[in-house]
Enquirer: 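One structure is given below, represented as structure tokens, and several questions about it will come after.
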Amino acid sequence: MAEKYRVRFAPSPTGSLHIGGAHTALFNWLFARRTGGTFVLRIEDTDRERSTKEYEQSIIDGMRWMGLDWDEGPDKGGSFGPYRQSERMDLYRKYADRLLSEGKAYEKEGALFFRIEPGKHIHFHDEVYGDIDVESENASVNQDGTIKDIVIMKRDGMPTYNYAVVIDDFTMGINMVIRGEDHVINTPKQLLIYDALGFERPAFAHLPMILGKDKKKLSKRQGATSVFEYSDMGYLPDGVFNFLALLGWSPRSGQEIFSREEAVELFDIKNVTRKPAVFDIEKLNHINQEQMKRMDPYVLLDAIRPFWKQMGLPVEKFSDEYLASSLKVLGGRGQTTIQAAEYSDYFLDFSKVTERYDGKDIKDELRPKLKKIYGELLNAWGDGSFEHLHNAAQEIFTANESSMKEAATPMRWALTGRKVSPGVFEVAGQLGREETKKRLEYYGLV
RNA sequence: GGUCCUAUCGUCCAGAGGCCCAGGACACCGCCCUUUCAAGGCGGCGACGCGAGUUCGAAUCUCGCUAGGACCGCCA
């Protein structure tokens with residue numbers, strides 16, 4: 001069989017993990033896991049001005065949040081380290097010296113330049129974009145179109161991106177480069193360096209860009225950038241993962257909602273699209289909701305708990321069992337964990353109900369009738385299950401010449417303070433007889 | 001301006017010459033269920049950018065046009 005693939009995600013720590021980076025990391029991860037290859041994390045911190053350890057950590061945290069893990073990296077080592085470019089200076093100097101001594105590079109104004117020979121055809125096959133051909137004189141040009149030799153070592157002694165990436169990918173044994181489409185234009189420059197050094201070229205697969213609503217490349221200026229901002233907005237890692245996987249790719253089967261494990265099973269780089277994809281928050285909402293529905297209630301509980309706390313709800317007063325079953329009663333309502341937290345607030349705190357509902361719309365002439373009905377219902381509580389309550393209510397309502405519509409609506413308002421909710425009897429059963437009674441009493445309905 | 005890339009519903013994707021007067025998903029609209037819907041079920045609206053070719057036959061191949069994107073830093 002062919003050798004194992006080694007792929008890498010190589011962010012520069014000049015900001016948190018943003019959507020574009022997360023997308024690239026995700027596809028590298030899927031490819032590595034699908035092919036049984038190795039996923040390397042390399043930190044490209046050659047920009048001394050803007051790189052920070054905090055951002056590096058933030059990127060690592062962001063990847064972990066998404067559920068991505070890697071096999072080699074600055075935090076866990078590996079046999080191809082070090083994994084930070086700032087720690088690989090000797091390598092960059094060594095190969096630069098070789099280029100210098102062979103006359104393929106020269107020094108000027110304190111920087112090292114790689115000489116571009118015109119008249120060379122550069123060809124490579126991209127796993128996604130197919131065959132790409134560029135003439136060497138077009139690979140690196142000034143604004144006026146003249147050839148511009150490539151800077152490989154900056155005046156501050158640090159290597160440039162296009163040079164370091166070649167040295168690192170080669171010395172780290174990377175044989176499949178999966179990165180954003182904004183790099184296809186850089187590939188010919190890098191190939192010139194691969195060839196000059198006699199390095200074996202890796203395979204390339206470029207991923208379509210993710211565009212904002214304005215059809216422009218997502219930038220920091222446009223709304224949320226860090227994956228953590230999506231976390232703050234109530235999106236689940238599984239939702240973001242699933243959504244991002246569907247940008248520029250879809251499984252042959254057409255399945256749209258899947259777990260990480262299923263995605264690995266389904267993944268095939270051959271199905272990656274070439275067209276830039278617009279980031280559509282509505283679709284994210286839907287996928288996030290579907291992921292919440294699939295999730296174990298206890299796991300979902302952990303995701304929702306912080307938002308309940310943020311809303312000032314007395315979460316600690318309740319058992320996990322009660323909280324988790326409340327979410328089960330909620331039944332998939334809400335697209336984000338924030339919404340789910342809001343839509344379920346009445347399970348934790350009656351004052352949320354009284355804040356938004358004053359009961360003034362209940363007609364006085366109806367009260368005696370409702371009191372009688374609800375009193376009977378409380379007496380016929382039984383095991384408090386939906387089936388039992390529902391059946392009991394039906395009997396009681398008809399016996400009192402009332403209807404579901406007439407009698408259940410005020411009860412819903414009294415229990416939840418909302419026009420819409422899960423079935424009233426499910427809510428009542430979940431709240432329990434005492435709490436239900438208390439709420440009905442508050443509104444003078446029992 | 002130059003180079004490279006792309007071009008199917010508003011958006012994300014199917015479609016690798018006949019199975020497509022184009023299929024799914026989101027959104028939107030309508031209907032049903034129901035005590036309510038933000039849950040569930042059913043249905044509708046809606047696209048192959050344009051023009052030439054090749055072919056018995058093109059969304060699929062070729063060319064041109066147009067449009068969009070990316071890149072042109074001693075940033076990565």
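Computed from a prediction, not measured in an experiment: that's the story for all the values here. Note on naming: letters A, B, ... go to the chains in the order of the sequence lines (proteins, then strands), and numbering restarts at 1 for each one.
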Enquirer: Tell me the ring pair (Phe, Tyr, Trp, His ring centres under 6.0 Å) pairs involving residues 131-154 of chain A, sequence neighbours left out?
Expert: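 Every pair satisfying ring pair (Phe, Tyr, Trp, His ring centres under 6.0 Å) with a residue in residues 131-154 of chain A: there are none.
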
Enquirer: Kindly write out the residues that satisfy side-chain contact (heavy atoms from CB on, under 4.5 Å) with Val134(A), not counting sequence neighbours, or none if the list is empty.
Expert: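 Once residues adjacent in sequence are excluded, the partners of Val134(A) under the side-chain contact (heavy atoms from CB on, under 4.5 Å) criterion are Ile132(A), Asn138(A), Pro188(A).
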
Enquirer: May I ask you to verify whether the side chain of Lys283(A) and the base of rA25(B) hold a donor-acceptor pair under 3.5 Å?
Expert: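 Indeed there is one.
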
Enquirer: Determine the Euclidean distance between corresponding P atoms of rA7(B) and rG49(B); express it in Å to zero decimal places.
Expert: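 After rounding to an integer number of Å, I get 10 Å for this pair.
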
Enquirer: Going by modelled atom types, is there a donor-acceptor pair between the base of rG24(B) and the side chain of Glu256(A) at under 3.5 Å?
Expert: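 Such a pair is found, so the answer is yes.
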
Enquirer: Expressed as a whole number of Å, how far does the P atom of rC50(B) sit from that of rG44(B)?
Expert: 25 Å

Enquirer: Nearest to the side chain of Glu282(A), which nucleotide is it out of rC72(B), rC26(B), rC13(B)?
Expert: rC26(B)

Enquirer: Using the P atom as the reference point in each nucleotide, state the distance between rU3(B) and rG24(B) in Å, no decimals.
Expert: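 My reading of the P atoms in rU3(B) and rG24(B) gives 42 Å.
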
Enquirer: Any side-chain N or O of Lys213(A) under 4.0 Å from OP1/OP2 of rU11(B)?
Expert: no

Enquirer: Could you go over nucleotides 5-7 of chain B and give all protein N or O partners under 3.5 Å, atom names and distances?
Expert:
none

Enquirer: Give me the distance, rounded to whole Å, that separates rC65(B) from rG2(B) when you measure between the P atoms they each carry.
Expert: 12 Å

Enquirer: Can you check each nucleotide of nucleotides 28-39 of chain B against protein heavy atoms at under 4.0 Å and return B for base, S for sugar-phosphate only, - for none, in 5' to 3' order?
Expert: -------BBBBB

Enquirer: Is any side-chain nitrogen or oxygen of Lys154(A) closer than 4.0 Å to OP1 or OP2 of rA76(B)?
Expert: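 Checking rA76(B) against Lys154(A), a side-chain N or O does come within under 4.0 Å of OP1 or OP2.
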
Enquirer: Indicate the ring-plane relationship of Phe204(A) and Tyr194(A), choosing parallel, tilted or perpendicular according to the 30° and 60° boundaries.
Expert: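 Answer is perpendicular, since the angle exceeds 60°.
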
Enquirer: Polar-atom pairs under 3.5 Å, protein N or O versus N or O of nucleotides 60-63 of chain B: list them with distances, or write none.
Expert:
none

Enquirer: Is any side-chain N of the basic residue among Arg34(A) and Asp268(A) closer than 4.0 Å to the acidic one's carboxylate O?
Expert: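 Here Arg34(A) does not pair with Asp268(A) in a salt bridge, since their nearest N and O are not under 4.0 Å apart.
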
Enquirer: Could you tell me the Watson-Crick or G-U partner of rU34(B), where both distances fall under 3.5 Å? Say none if there is no partner.
Expert: none

Enquirer: Flag the pair Glu44(A) and Arg42(A) as a salt bridge only when some basic side-chain nitrogen lies within less than 4.0 angstrom of an acidic carboxylate oxygen.
Expert: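 Salt bridge flag = yes for Arg42(A) with Glu44(A).
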
Enquirer: Do His125(A) and Asp131(A) pair up side chain to side chain, a donor and an acceptor below 3.5 Å, judged on atom types alone?
Expert: yes

Enquirer: Throw together a table of side-chain donor-acceptor distances under 3.5 angstrom for residues 106-116 of chain A, partners on residues two or more places apart or in other chains.
Expert:
from, atom 1, to, atom 2, distance (Å)
Tyr106(A), OH, Asp149(A), OD2, 2.5
Arg115(A), NH1, Gly103(A), O, 2.8

